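Below is one structure, written out as structure tokens, with a few remarks after it.
Fair warning: this is a prediction, and the values are worked out from it, not measured in the lab. Values below: every heavy atom of this structure, side chains too, minus hydrogens, waters and symmetry copies.
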Amino acid sequence: MQNAIAKIDAVLPSEMRRALDDNALYVSRQSEDTGVDLARVRQMLREQRKMHIVYREEDGPVLEQTIWPIMLGFVESRWSIAAWCESLGDFRRFRADCIVTVDFLDELYPGARRQLVKEWQAQEGHPCKRRKSAC
């Protein structure tokens with residue numbers, strides 16, 4: 001997939017390269033029913049707004065987190081939200097099916113989402129790697 005994207009990037013006009021680099025959504029052929037309004041999550045990504053979530057870790061405690069959503073992905077038949085977690089001070093992926101409740105906040109997070117995505121990808125080594133995946 002990376003080779004295909006690199007080939008497409010090589011022939012795109014410069015004004016279209018930014019859109020290719022702004023990969024906020026990955027879609028697979030399978031679907032999953034989540035209790036989270038994914039359209040609203042995409043809106044929060046675009047507007048760079050914070051979300052407050054109550055999150056149930058598998059066989060673990062229920063946690064409250066304020067996150068800065070930076071990417072929405074569909075990996076291994078599950079929707080995940082990549083985000084900066086304020087309380088952890090680090091990037092993390094949150095499975096949508098483990099989110100108990102969500103409040104979509106009006107508060108903007110600092111910086112540019114695209115830059116945060118680049119930092120997350122550099123930290124992960126690859127955007128689909130499972131490091132620090134929650135639940």
L72 and R42, any side-chain heavy atoms less than 4.5 Å apart: yes

To the nearest 0.5 angstrom, please state how far the CG atom of L116 sits from the CE atom of M71. 11.0 Å

Hey, could you give me the CH2/CG distance between W79 and L38, rounded to the nearest 0.5 Å? 6.0 Å

Are any side-chain N or O atoms of Y109 and backbone N or O atoms of P69, one a donor and one an acceptor, separated by less than 3.5 Å? yes

Check C85 against I67 and note the closest heavy-atom contact, atom names and distance. CA-CG2, 4.3 Å

I'd like to know if V36 and F74 are part of one continuous hydrophobic network [Ile/Leu/Val/Met/Phe/Trp/Tyr, side-chain heavy atoms within less than 4.5 Å]. yes

State the OG-CD1 distance between S80 and I99, to the nearest 0.5 angstrom. 9.0 Å

Where R95 and Y55 come nearest, the two heavy atoms and their spacing: N-OH, 3.0 Å

How about V41 and M51: do any of their side-chain heavy atoms sit closer than 4.5 Å? yes

Would you please classify the geometry between the W84 ring and the F91 ring as parallel, tilted or perpendicular, with 30° and 60° separating the classes? perpendicular

What one should report as the nearest heavy-atom pair of F104 and D37 is CZ-O, 4.2 Å

Sorted by first residue and then second, give each salt bridge (Lys or Arg N to Asp or Glu O under 4.0 Å) pair with at least one member in residues 98-109; sequence neighbours left out. K50-E107

Where do Q48 and R113 come nearest, in terms of heavy atoms and distance? OE1-N, 2.8 Å

What pairs with Q65 under side chain to side chain donor-acceptor pair (under 3.5 Å), at least two apart in sequence or on another chain? S87

Distance (rounded to the nearest 0.5 Å) between I70 CD1 and I81 CD1: 11.5 Å

Checking E47 now: which residues fulfil salt bridge (Lys or Arg N to Asp or Glu O under 4.0 Å) with it, not counting sequence neighbours? R49

One should read off an interatomic distance between L108 CG and M44 CE, to the nearest 0.5 angstrom, of 9.0 Å

For V62, the hydrophobic cluster (side chain heavy atoms closer than 4.5 Å, chained through members) also holds V54, V100

Are any of the side-chain heavy atoms of R93 and W120 separated by less than 4.5 Å? yes

